[in-house]
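Notes follow the structure.
Atoms within each ligand, like the ligands themselves, are counted from 1 in listed order. Every heavy atom of this structure was used, including side-chain atoms; hydrogens, water molecules and symmetry mates were not. Since this is a predicted model, take the numbers as computed values, not measurements.
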Amino acid sequence: MKRFFSLKMRASRNVDGEPHHISGAEKIIQEEDASDFATALIDRALHHAKGQPDFINLKFELLDERGILRLPALAVTTVQTHTPAEGLAQMVEILRGKMGIANAEQIVALFQQCGNMRGAAIVDVDSLARLEPDRQRGVRVTYMDDADSSSKGPTNAKNHFREAIVLGTKVAYAPHLLGELCISDDPDYVTGYIASREIGYCRITCLKEKGSPIGGRIFLFRGNAEDLQETIAFLEKQPVLVTGVPGSSFRQDRWKRLQTELDAMEVDGLRRKLLVQDASADSRVQVGGQELLMLASNNYLGLAGDERLANAASAAAAKWGVGSTGSRLVSGTQREQDCLERELALFKHAEDAVLFNSGYVANLATISTLCGRDDVIFSDELNHASIIDGCRLARSRIVIYRHNDMDDLERKLQAIRPVRGLVVSDAVFSMDGDIVRLPRLLELARHYGLFSMIDEAHATGVIGLGGHGTVSHFGLEEGPDITVGTLSKALGGEGGFVCGRGMLCEYLRNRARGFIFTTAMSPVTAAVARAALRILQESPELPRRLLDNVKVFVDALRENGIQTATQSAIVPIPIGDERQAAQIATELRAHGIFLSAIRYPTVARGQARLRAALMATHTCEDLRNAAQTIAAVIGEQHN
Ligand code: WAQ
Ligand code: MG
């Protein structure tokens, strides 16, 4: 095994019997590179602009390789400024605007007090109290290096940027620190930065006058006294190698950025892996030779594995072959797609329906076709990514209202008084399982003359009488202008659709790029959806059975001490921490349960959760046992 050493150099000069610091540097290196780097650092000490040293200390210290933390370098952005005033104003702006720190101005003003420190000031962002134990010296961050420094070669010159990004990355990952501000103390180096995990490493090109000796570092802290000890211990003791530091001496590898991002996700517990199943689409699946109870599927009614759908697929394949051969408008409309559209319209009590190749495309295409630069789109803060992407593609003004909060929506409508636009919401929210307050939403949209749009992805086949969806759930006479649905969840196949007035569908068929410029869904897929619709209409008890299962499961979770609530087949189990959620999901797999950990970016950071999705084909026994196991595993993790 390779041995890693910490190598530190300090050079000073005696002035009137007092040692004066001239230069210092540190590296984390492998044994084989030791002498090269020692030479380079001695060279640096001997030829420093601040003068000739009479004392050079070189220290080698063996590190435990397993104790070294590898962190991905923060992403670098640059803000060009031309005067110190402009630079400092930018710092304040970023602190307040992007990092949400109220005391931004007071914090930046602290640079006036931080001169002449060898280390950094630690500031409580709320009280502005200075917390570093030694006010003269500050806290020194040490035991860190660029992980690729040996490939970049020993250099005897100080590289401000490379050293700063290493330090900045370590600080960004320190517990209880929200970020860092830095101005170089070198009179001629006027570039500094502001950094955090969220905003990355943001260089600000001018922060002081040339020749000015001011400079320092401010670490932004939030926590209690114990937290502070933890922060300082991390800064002073934890060895860190920073990967993916942009190299100055070598051309940047275009793939490296991707690896760096993947590494960052790994560190944050956000990197995802595919779990490959070897059999079944029902409530039990085979993964790597193990049978798992499936609690993560959108196959709500168990139709994906239904023999009748498989037979419909075979029959359609025998009749049509498998491909649709072209775009709907050119060559890809077979009788199957046409019939399916009419049957969907009937099922949803709409004039017409249009097929898309997925629910994602249906949202993207519909929103971006109906809305443009002159529209205002009012969108629930928890809407699905496909709605968000549709809004972005529309280039409309987007106004986010608080989750399912119709008063907030009304306030925003009142304030903006839009002339054209759309109010859009999920029918059943995919990560929380609650149902949109549809009656009020429709009233508001009508009052302001806006289109209303509901995405019934998790509602069709689940809520409302016989699974007819949200309009039936609320017993409304009239539904939204635009209803989006999917064929891939309760209906067990794949594809999406939009239904509403005939004119709407006609318009989409003529204008929606996601309809026009893509190959139509296969006639096999369309035939499968038709069969699923028939089954749903012949067996209106299926959705009832599903919701009965939900009640059994939620009650069992409560009996085992886990509080949760839902109005649909989605049962969120809150955890919070991303890594913990991922660990619990892994542990549950060992106990025979397939349940997904939902993490950022699907939900907000710090709101990771387990998300159970129930099926009509689960047995009560399955669900009671699962609830017990889930509670036990969560209990263990919290201890
Ligand atoms: N730990 C904590 N604080 C430190 C450390 C350390 N290891 N090293 C320096 N400081 C503090 C100390 O108060 C210095 O006065 C101040 O930071 C500035 O240090 O992207 O050169 O080494 O090109 O002068 C920014 C690079 C360069 C911007 C920063 O800092 C860019 C720089 P310096
Ligand atoms: Mg300096």
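- Among protein heavy atoms, atom 2 (C) of ligand 1 sits closest to V139 O, 3.1 Å.
- Ranking the protein heavy atoms by distance from atom 8 (N) of ligand 1 puts R140 NH1, 3.4 Å first.
- For the residue pair D186 and H160, a side-chain donor N or O sits within less than 3.5 Å of a side-chain acceptor on the partner.
- Under 4.0 angstrom from ligand 1, the non-hydrogen atoms of R203 all belong to its side chain.
- Residue contacts with ligand 1, taken as heavy atom pairs separated by less than 4.0 Å, involve R118 solely via the backbone atoms N, CA, C and O.
- Among all non-hydrogen protein atoms, the one lying nearest atom 1 (N) of ligand 1 is V141 N, 2.8 Å.
- Outside the 6.0 Å centre-distance limit, the rings of Y401 and F378 are not counted as a close aromatic pair.
- Distance check: L610 CG to L595 CG gives 5.0 Å after rounding to the nearest 0.5 Å.
- Atom 26 (C) of ligand 1 has Y201 OH, 3.5 Å as its closest protein atom, hydrogens excluded (heavy atom only).
- Interface of A164 with ligand 1, defined as ligand atoms under 4.0 Å from a residue heavy atom, comprises 25 (C), 26 (C).
- Under the 3.5 Å distance criterion, with hydrogens and angles disregarded, no donor-acceptor pair is assigned to the side chains of R203 and T81.
- Not a single heavy atom of G138 sits less than 4.0 Å from an atom of ligand 1.
- D185 OD2, 2.8 Å is the protein heavy atom nearest to atom 15 (O) of ligand 1.
- Side-chain contact of N103 with D126: a donor-acceptor pair under 3.5 Å is absent, judged by distance alone.
- Taking the ring centroids of F161 and Y201, they lie under the 6.0 Å cut-off.
- Side chains of T142 and K8 form a contact here, defined as non-hydrogen atoms less than 4.5 Å apart.
- The protein atom (non-hydrogen) at minimum distance from atom 18 (C) of ligand 1 is I183 O, 3.5 Å.
- Which parts of ligand 1 touch D186 is read off a 4.0 Å heavy-atom cut-off, strictly below it: atoms 24 (O).
- Counted by atom type alone, S386 and N363 present one or more donor-acceptor pairs between their side chains at under 3.5 Å.
- Contacts between C182 and ligand 1 below 4.0 angstrom, taking non-hydrogen atoms only, involve the side chain exclusively.
- Within 6.0 Å of atom CZ in R513, 12 or fewer heavy atoms from other residues, nucleotides or ligands are found, so the atom counts as exposed in its surroundings.
- With ligand atoms numbered from 1 in the order given, ligand 1 contributes 23 (O), 25 (C), 28 (C), 31 (C) to contacts under 4.0 Å with heavy atoms of T191.
- A donor-acceptor pair shorter than 3.5 Å cannot be found between the side chains of E236 and Y143.
- Distances between N or O atoms of G119 and those of ligand 1 include at least one value under 3.5 Å.
- At the shortest separation from atom 16 (C) of ligand 1 among protein heavy atoms lies G216 CA, 3.6 Å.
- Shown in contact with L167 at under 4.0 Å from a heavy atom are these atoms of ligand 1, numbered in order with element: 1 (N), 5 (C), 6 (C), 7 (N).
- Side-chain contact annotation: Q607 with Y600, donor-acceptor N/O pair under 3.5 Å absent.
- Of all N, O or S atoms in D186, the one lying closest to the Mg ion (ligand 2) is OD1.
- In terms of N/O distances under 3.5 Å, ligand 1 is not approached by Y193.
- Per residue D185, closest N, O or S atom to the Mg ion (ligand 2): atom name OD1.
- Listed by atom number, the atoms of ligand 1 under 4.0 Å from M117 heavy atoms are 12 (C), 13 (O), 14 (C), 15 (O).
- Side-chain contact of Q113 with R130: a donor-acceptor pair under 3.5 Å is present, judged by distance alone.
- With Y173 as the aromatic partner, R197 meets the cation-pi criteria of under 6.0 angstrom to the ring centre and within 45 degrees of the ring axis.
- The shortest contact between atom 30 (O) of ligand 1 and any protein heavy atom is with R217 NH1, 3.6 Å.
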